[in-house]
Amino acid sequence: MSESMSKRGRPRLLDKEAGLEVAARLFWEHGYEGTSIADLTKAMGITPPSLYAAFGSKEQLYQQALEYNAERENKHRLDLLNSDVPAYEALSFYLHDVAREFTNPAKPRGCMVSNAVLQHAKENDGIAESVAARRTATTRIIKTRLDRAISDGELPDGTDTWALAHFYVAVVQGMSAQACDGLCAATLMQLADLALTAWPGRKPN
């Protein structure tokens with residue numbers, strides 16, 4: 001990690017993006033409650049005052065690490081959902097891409113957001129609510145795409161897009177949990193294929 005000492009005794013300076021990368025990986029691997037300030041400062045090679053100066057509290061660092069991770073892990077999937085690609089194709093890419101990435105040996109297994117802070121101490125309610133809001137936001141993005149699919153004739157009128165969006169988000173969360181339990185990419189791909197059979201509308205030829 002890039003750091004420098006301007007003079008003897010002064011806390012080392014932190015490359016903020018590199019620090020977020022380290023923090024995101026630790027939080028992804030061990031969860032919010034399972035990652036301590038000592039873990040973070042040791043991995044970054046800095047002192048607690050330097051961490052607080054760069055990121056604020058542990059909670060603020062976690063929020064920034066989530067955003068950093070989401071930008072790199074999920075943005076391309078959401079961008080495709082927001083594009084003119086047929087909804088079924090975009091959803092198929094989404095499910096198969098998470099099957100690959102949830103089992104990528106170069107990364108922690110599963111999804112940092114899907115299963116984050118589901119069980120937590122009372123004092124961490126704020127963090128849990130924030131992460132839940134992120135999951136809800138993703139569900140709303142999928143629902144919006146499904147609503148457009150009705151307008152485009154890809155889904156029949158009267159389709160319950162809220163329920164369908166929740167279904168596919170639940171599939172992704174389940175795939176994340178099963179990836180953490182050791183399921184291989186091939187099995188997760190099969191789960192993605194099975195979930196797509198529930199698509200109630202027109203599929204591209």
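Computed from a prediction, not measured in an experiment: that's the story for all the values here.
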Spatial distance of atom [atom1] ([X]) from atom [atom2] ([Y]) [nearest 0.5 Å]:
X	Y	atom1	atom2	answer
Gln60	Gln63	CD	CD	9.0 Å
Met44	Ser50	CE	OG	10.5 Å
Ser114	Arg134	OG	CZ	12.5 Å
Lys203	Leu196	NZ	CG	7.0 Å

Heavy-atom pair of closest approach, residues Cys180 and Gly110 |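 In terms of heavy atoms, the two residues are closest at SG-CA, 3.9 Å.
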
Under a 4.5 Å side-chain heavy-atom rule over Ile, Leu, Val, Met, Phe, Trp and Tyr, are Phe93 and Leu188 clustered together?
->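 Per the 4.5 Å side-chain linkage, Phe93 and Leu188 are not co-clustered.
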
Side-chain heavy atoms under 4.5 angstrom apart, residues restricted to Ile, Leu, Val, Met, Phe, Trp, Tyr: same cluster for Val98 and Leu91?
->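 Same cluster.
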
Side chains of [X] and [Y] in contact at under 4.5 Å (non-hydrogen atoms):
X	Y	value
Ile150	Asp157	yes
Thr144	Thr161	no
His30	Asp39	no
Thr159	Leu146	no
Thr139	Trp162	yes
Tyr62	Val131	yes
Cys184	Thr103	no
Phe102	Leu183	no

When you look at [atom1] of [X], are more than 12 heavy atoms from neighbouring residues, nucleotides or ligands closer to it than 6.0 Å?
X	atom1	value
Glu21	CD	no
Asp84	CG	no
Arg140	CZ	no

Answer yes or no on whether Lys58 is positioned over the face of Phe27, meaning its NZ or CZ is under 6.0 Å from the six-membered ring centre and within 45° of the axis.
->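 Geometry flag: not set, cation outside 6.0 Å or 45°.
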
Taking it one step at a time, do Gln178 and Thr187 satisfy side-chain contact (heavy atoms from CB on, under 4.5 Å)?
-> CA-CA 10 Å; Gln178 294 196 34; Thr187 301; 5.8 Å; no

Considering only NZ, NE, NH1 and NH2 on the basic side and carboxylate oxygens on the acidic side, decide whether Glu101 and Arg72 come within less than 4.0 Å.
->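 Looking at Glu101 and Arg72, the cut-off is not met.
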
Pair Arg25 + Glu29, salt bridge at N-O below 4.0 Å =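 Looking at Glu29 together with Arg25, the answer is yes, because their closest N to O distance falls below 4.0 Å.
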
In the hydrophobic clustering that connects Ile, Leu, Val, Met, Phe, Trp and Tyr at side-chain heavy-atom distances below 4.5 Å, which members other than Met189 occupy its cluster, ordered by chain and number?
->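 Noted: Met189 shares its cluster with no other residue.
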
Shared-cluster residues of Leu194, by chain and number - hydrophobic side chains joined below 4.5 Å |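 Direct or chained contacts put Leu194 with none.
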
Show your reasoning for whether side-chain contact (heavy atoms from CB on, under 4.5 Å) applies to Leu40 and Leu26.
-> CA-CA 7 Å; Leu40 293 162; Leu26 283 177; 3.8 Å; yes

